[in-house]
Protein chains: 2
Amino acid sequence: MKSLAITIRDIAREAGVSTATASRALRRLHNVDPATIARVQAVAERYDYVVSAAASRLAGGRTGSVAAITPYISRWYFSGVLSGVERVLQQAETDLLLLAAGDPDRVSRIPPIRHLARRVDGFLVLSLDPDSSALGGLLESEAPTVLVGTKWPGVPSVRIDDESAARLATQHLLNLGHRRVGMIAGRPGRSPFLAERARKRGFEAAVAGSLAGVGPPEVAYGDFTVDGGETAMNALLAQPDPPTAVFVMSDEMAFGAMRALRMHGLVVGSDVSLVGFDGHELAPMLELTTVVQPVADIGATAARMLLGRITDPGGAESPEIELQTQLVVRASSRPPRD
Amino acid sequence: MKSLAITIRDIAREAGVSTATASRALRRLHNVDPATIARVQAVAERYDYVVSAAASRLAGGRTGSVAAITPYISRWYFSGVLSGVERVLQQAETDLLLLAAGDPDRVSRIPPIRHLARRVDGFLVLSLDPDSSALGGLLESEAPTVLVGTKWPGVPSVRIDDESAARLATQHLLNLGHRRVGMIAGRPGRSPFLAERARKRGFEAAVAGSLAGVGPPEVAYGDFTVDGGETAMNALLAQPDPPTAVFVMSDEMAFGAMRALRMHGLVVGSDVSLVGFDGHELAPMLELTTVVQPVADIGATAARMLLGRITDPGGAESPEIELQTQLVVRASSRPPRD
DNA sequence: TTGTAAGCGTTATCAC
DNA sequence: GTGATAACGCTTACAA
């Protein structure tokens, strides 16, 4: 398969410079005559030439791509973040390598970082903690990395303040007058996701700081799925003294909880109040009160940060950016019956 | 930056063979002594060695990655398909390059195929027709390609039978006794998506073939979004003689339509019947009758086909695989009032 | 079946 | 500011 592709040599020859200069000009290095840059760029443009990432990488340059490591692809939060990531990378002409790690509780399916590091210029890690066995070596490798939805000392990150968002959401239920509030979280025990742990803390802090008379909260688990949310709500309703209001850690679980309530002949908002978390497209239509988080922005911001780290690894700072959330109140949360 | 990475030379030396043999052994070529293969593989394993994709590509080998070109990332259908794609590719130790093309009506954001072809071993194209300007050159390039959700002469593809699925869904409404049936499609005019055009045909065929007394169908457009579905339903209700049943081309639009009906004080299923298309997780909870399509399977199948084409380009056949759909009837579709 | 050696297309080093 | 030229790590004729 003879390669008919044109190479940097062709460009160099056509522009009347050496390949070395052509290479520099194409990368717009600073120690090149602006006139030369212009000429080379023009030729490249004319021939519709782009450097071979493989050759560039091999010679010690960039790969022109970054890897996003995510536990899931199709869940609402993750696909939303990835969408934002993609938009920014595309503009920067950087390729996106998608790696689905699968549930962190299960065996990881991610190839070792040191292998990947040869293929990409940097890493975007969604929700997974960098010390996770799935990410073995990420912290040691000096590869530019940005965390999304979690944080880690010395590593730049983009997230929301899950703890205070959860506290506010729960507080909203307490303010309405509810005294038996429950929670639907992802999974029992210590969650592998920092965000989930933070939301748990926020919920507990709100309950602990509330007026006297608030009973110990019931907690159920829905694994962040619709069906799981339904099961969890059923579990809560099976309690001797079920909560009149429930903080649910994701909108999708909240939708499932709504279904459970309906199956029990209960009316959302009247019999049991619900507050979700996410800002899912269907939240308005299902009248779900929820904490809206800017998923696409989160992804876009993280991607921009990563690109910055890649071009300027000197920036020793590791900012931890926190984006804003907003509690949007709808009919699913109302004062208790009595 | 001295590379501390171990190379094929190290492996070759350690195994007592030449780099050429090591290269062959690592790829398990057939003209290598099985004993040699075993020995080399063992050494590679021990040193945790993997070939450099960049070097391999440069030397004429595989890149070990494929590109998925998709209009959207976060919409239900696409994220579901991608999820299936990813699962298969991961097992095959093949990387996934994600390229979001954006809406085909708008200006394309995809880098020219001939550039991409240097970075990947093959293409997976979701929903976009290969003659789309966004995909300029894909058909000419001899790169292995598999289409998803569309088809094209001479190119292998994986899809469902959108036309007959739509016809069956519409027929279901007619069988219930509805005589004024409408449709909510994506966009007016000729859709850039073959699937949408096929669903339109299916709907029209059902209506055309129905008993006398069925009026000319009303059609509205919802751009495949929840909000769009709501707007479209409102448009249908504004007609002098609104339909009593509507075939909606996607579940998300159907959810929006439900919301519109509710806003008008109408009851889904009693006042107006609805049939969606997709099999969205929330369809059961919203009692939506819908055509369920196996999105993850579609992606997985396509990925497997592509991997096959890559390893064996000889397979001159271009199969057009059709996966099965299923009409799941729920409370949103019932006989008309009268 | 295995070895030798010539690239693959770029970047980095070191002169000029 | 620019030009030679040696890598970079691998695959693949061609030989043996």
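A note on names: the letters A, B, ... follow the listed sequences, proteins ahead of strands, and every chain is numbered from 1. Remember, predicted model here, so these are calculated numbers, not experimental data.
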**Q** Only one of A:L323, A:T150, A:L124 clears side-chain contact (heavy atoms from CB on, under 4.5 Å) with A:V158; which?
**A** A:L323
**Q** Between N or O atoms, less than 3.5 Å apart, protein on one side and nucleotides 1-4 of chain D on the other: list the pairs.
**A**
unit_1	atom_1	unit_2	atom_2	d
D:dT2	OP1	A:T36	OG1	2.8
D:dT2	OP2	A:D33	N	3.0
D:dT2	OP2	A:T36	OG1	3.2
D:dG3	OP2	A:S18	N	2.9
D:dG3	OP2	A:S18	OG	3.2
D:dG3	OP2	A:T21	OG1	2.7
D:dG3	N7	A:R24	NH1	3.4
D:dG3	N7	A:R24	NH2	3.4
D:dG3	O6	A:R24	NH2	2.5

**Q** Looking at B:S52, I'd like to know whether one of its side-chain N or O atoms comes within less than 4.0 Å of OP1 or OP2 on D:dC10.
**A** no
**Q** Name all residues meeting the side-chain hydrogen bond (donor to acceptor under 3.5 Å, both in side chains) criterion together with A:R9; count only those two or more places apart in sequence or in a different chain, and write none if there are none.
**A** none
**Q** Can you check the B:R27 CZ to D:dC10 P distance for me, whole Å?
**A**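 Value for this atom pair: 11 Å.
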**Q** Check the distance between D:dG9's C1' and A:R118's CZ and give it to me in whole angstrom.
**A** 8 Å
**Q** Do A:R39 and A:V17 have side chains that get closer than 4.5 Å, going by heavy atoms?
**A**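 Of all side-chain heavy-atom pairs linking A:V17 with A:R39, at least one is under 4.5 Å.
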**Q** For A:R9 and C:dG9, what is the distance between atoms CZ and P respectively, to the nearest whole Å?
**A** 7 Å
**Q** Calculate the interatomic distance between A:L26 atom CG and C:dA12 atom P; express it in whole Å.
**A** 13 Å
**Q** OP1 or OP2 of C:dT10 sitting under 4.0 Å from any side-chain N/O of A:S23?
**A**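 The answer is no; no side-chain N or O of A:S23 sits under 4.0 Å from OP1 or OP2.
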**Q** Write down the distance between CD1 (B:I8) and P (D:dT12), rounded to a whole number of angstrom.
**A** 11 Å
**Q** Would you kindly give the CZ-to-P distance between B:R57 and C:dC8, to the nearest whole Å?
**A**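 Atom CZ in B:R57 sits about 13 Å away from atom P in C:dC8.
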**Q** Classify the side-chain pair A:R75/A:S79 by whether it contains a donor and acceptor separated by less than 3.5 Å.
**A**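 Their side chains do not contain a donor-acceptor pair, so the 3.5 Å distance test is not met.
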**Q** Can you tell me how far C1' of C:dT1 sits from CD1 of B:I37, to the nearest Å?
**A** 11 Å
**Q** Classify the angle between the aromatic ring planes of A:F193 and A:F78 as parallel (below 30°), tilted (30 to 60°) or perpendicular (above 60°).
**A**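 Judged by the thresholds at 30° and 60°, the geometry between A:F193 and A:F78 is tilted.
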